[in-house]
Amino acid sequence: MKRFLLVSVFILTTSFLNAYNPPINGENFLELSSPKLMTNGASSSGGGIFSTGPDSLVVNPALTATDQRVVLNLAYTGLFSSQDASAKYGNAFQAGILIPFKWAVFSGYLNGSMLPFETMQLGNSINLKAGLAKEITEKLDIGLNLNTGMFWGYNFDWELSANLGFLYKYGTLGFIKDFRYSASLLNLGKNYSKVSLNPINKDKAIGAFPGIATLKIGAAGLLFSNDLLKFGASLDLTFPTFQNVIIDMGLEFSVKDMLCINVAEKFNIAELANGHKNIVPSVGLFFKFDFDVKNNEYLAQNGWEKSEMTTAVAYKNLYDSINAVSASVDVNLGMKDENPPEIIIMIGEE
């Protein structure tokens, strides 16, 4: 019986692995919905200059474990062809919320993608993620989220899966400050499979997307940092269904923690091997500022009368001259507590 089970598992696993043939950009379609996801190098370690938000669930659910404030996020991306004027217009959008509790940090993320291009045909889908992240020690964070979604336009399908991840904050490594490394296991469950889209290899039947049991490992840190300037880098390797390798690299440069420029590059080995080139870097510009809201009792009661907002824009050139232009707004309610509580020990007093 044991031998029979082992042989059965081997046959099923082999047949499943041989079926790997997702649609073009099917592994990364969620990354089109916001400037951060487009230009952060798909970093599962939070990027060179560490930043998180509700959309961190896409790459690693552990990233938000140390967030202290409620975060609201809205983003939209328009996609168009610069060569074919008759080509259809594509859309991608997202909305997210992050709420820290004493016992864990909750994140909710909604994504919508309507991508009808022949060279990047990904249909229509609504995708929802909800997760929890927990700080285990000062250095180790873990996270879990559940994913569900609905696909239509090129047949109808649904998904139900989970993501797991951890982040380890190593500290200083040689000349690298704030060095972090991470791993996440994504899409554990049922993904989109009953679809009629254009796959990477047109000579084979299309497979499920995104790839089940996708392992992502990464590292990031600050290469240079002072009171005025910061420069960081990140590197991630992704192994969809252990049948492909995706390399993500990101560079981030900031001035006074207010103005930030991100540049990211992606190499999808299976797509490149089949002639689908997507190697032009994406570029994003982020601007962070504080704002005050006066005469609002509800905000004042929650300590939110002074908050922080980040606006961003990004551009990415995709397959066959498909262009993506993205914009977003993130609001961090309240101000981050930079100073630990002061403890005074009174000696000789009752």
Side-chain angles (χ1 to χ4, degrees), residues 25-64 67 71-79 90-98 107-115 120 122 125-129 131 143 145 147 149 163 165 182 184 186-187 209-210 214 216 218 220 232 234-236 238 240 246-252 260-268 278 280-286 310-318 322-330:
N25 206 52
E27 298 293 355
N28 309 111
F29 75 103
L30 292 178
E31 295 174 15
L32 296 175
S33 60
S34 79
K36 179 186 172 185
L37 289 172
M38 281 173 50
T39 65
N40 201 33
S43 176
S44 60
S45 301
I49 301 174
F50 187 72
S51 62
T52 63
D55 48 1
S56 297
L57 294 177
V58 174
V59 290
N60 187 350
L63 287 177
T64 60
D67 278 50
V71 180
L72 306 175
N73 165 263
L74 286 174
Y76 172 79
T77 301
L79 297 99
N91 301 273
F93 65 86
Q94 70 178 47
I97 186 170
L98 183 151
S107 297
Y109 169 81
L110 174 68
N111 165 277
S113 297
M114 292 78 188
L115 305 169
M120 194 182 72
L122 289 166
S125 63
I126 294 292
N127 307 278
L128 178 65
K129 300 179 185 292
N145 71 268
N147 316 308
N163 296 348
S182 60
S184 53
L186 311 175
N187 316 317
F209 80 99
T214 293
K216 177 183 281 288
S234 63
L235 174 65
D236 279 65
T238 307
I246 301 173
I247 305 169
D248 287 285
M249 298 178 289
L251 296 175
E252 301 181 19
C260 188
I261 299 173
N262 289 9
V263 179
E265 180 64 283
K266 181 185 296 289
F267 297 99
N268 187 313
N278 179 12
V280 178
S282 55
V283 180
L285 181 66
F286 299 74
T310 301
T311 58
V313 292
Y315 169 78
K316 184 174 179 63
N317 178 258
L318 293 152
I322 297 173
N323 300 277
V325 179
S326 185
S328 69
V329 175
D330 288 79

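Scope of the values below: all heavy atoms of this structure, side chains included, with no hydrogens, waters or symmetry mates.
Under the 3.5 Å distance criterion, the side-chain polar atoms of Asn163 are matched with a main-chain donor or acceptor of Asn187. Ser33 places no side-chain N or O within donor-acceptor distance of the main-chain N or O of Ala92, the cut-off being under 3.5 Å. Ser34 places a side-chain N or O within 3.5 Å of a backbone atom of Leu37 that can act as its donor or acceptor partner. In this structure a side-chain-to-backbone donor-acceptor pair under 3.5 Å is present from Ser45 to Gly218. Using modelled atom types, one side-chain atom of Thr77 and one backbone atom of Leu32 make a donor-acceptor pair closer than 3.5 Å. Ser182 places a side-chain N or O within 3.5 Å of a backbone atom of Ser44 that can act as its donor or acceptor partner.
To the nearest 0.5 angstrom, Leu72 atom CG is 9.0 Å from Asp330 atom CG. In this structure, CZ in Phe93 is found 8.0 Å from OG in Ser113, a value given to the nearest 0.5 Å. Interatomic distance, Leu98 CG to Leu63 CG, rounded to the nearest 0.5 Å: 11.0 Å. We find the OG1-CG distance between Thr39 and Leu285 to be 9.5 Å, quoted to the nearest 0.5 Å. Here CG of Leu110 is found 12.5 Å from CD1 of Ile97. Values are rounded to the nearest 0.5 Å. Atom CG of Leu79 sits about 7.5 Å away from atom CG of Asn91, to the nearest 0.5 Å.
A donor atom on one side chain and an acceptor atom on the other are found under 3.5 Å apart for Asp55 and Gln94.
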Item to check | Test side-chain hydrogen bond (donor to acceptor under 3.5 Å, both in side chains) applied to Ser234 and Asp236, step by step | outcome: CA-CA 7 Å; Ser234 63; Asp236 279 65; 4.9 Å; no
Checklist entry - Can you check side chain to side chain contact (heavy atoms under 4.5 Å, CB included) on Glu27 and Ile246, steps first, answer last? => result CA-CA 9 Å; Glu27 298 293 355; Ile246 301 173; 3.9 Å; yes
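Ala75 and Pro35 make their closest contact through CB-CD, 4.4 Å (heavy atoms, listed as atom of the first residue, atom of the second, distance). For the residue pair Val59 and Ser184, the shortest heavy atom distance occurs at O-OG, 2.8 Å. Of all the heavy atoms in Ile49 and Gly232, the pair that sits closest is CG1-N, 4.2 Å. Across every non-hydrogen atom of Lys36 and Gly53, the tightest pair is NZ-N, 3.4 Å. Of all heavy-atom pairs between Glu31 and Ala42, the closest is OE2-CB, 3.7 Å. Shown here for Gly47 and Glu252, the closest heavy-atom pair between the two residues is CA-OE2, 3.6 Å.
Two residues are said to be in side-chain contact when any heavy atoms from C-beta on lie closer than 4.5 Å; Ser56 and Tyr109 fail this criterion. Taking the side chain as every heavy atom from C-beta outward, Asn60 and Lys216 never approach each other to under 4.5 Å. Between Asn278 and Asn268 the shortest side-chain heavy-atom distance does not fall below 4.5 Å. A 4.5 Å side-chain heavy-atom check between Phe29 and Met120 finds every atom pair outside the cut-off. Leu128 has its side chain out of reach of Asn147: every pair of non-hydrogen atoms, C-beta onward, lies at least 4.5 Å apart. Ser51 places none of its side-chain heavy atoms less than 4.5 Å from the side chain of Phe286. Looking at heavy atoms from C-beta onward, Val71 lies in side-chain contact with Pro54 at the 4.5 angstrom threshold.
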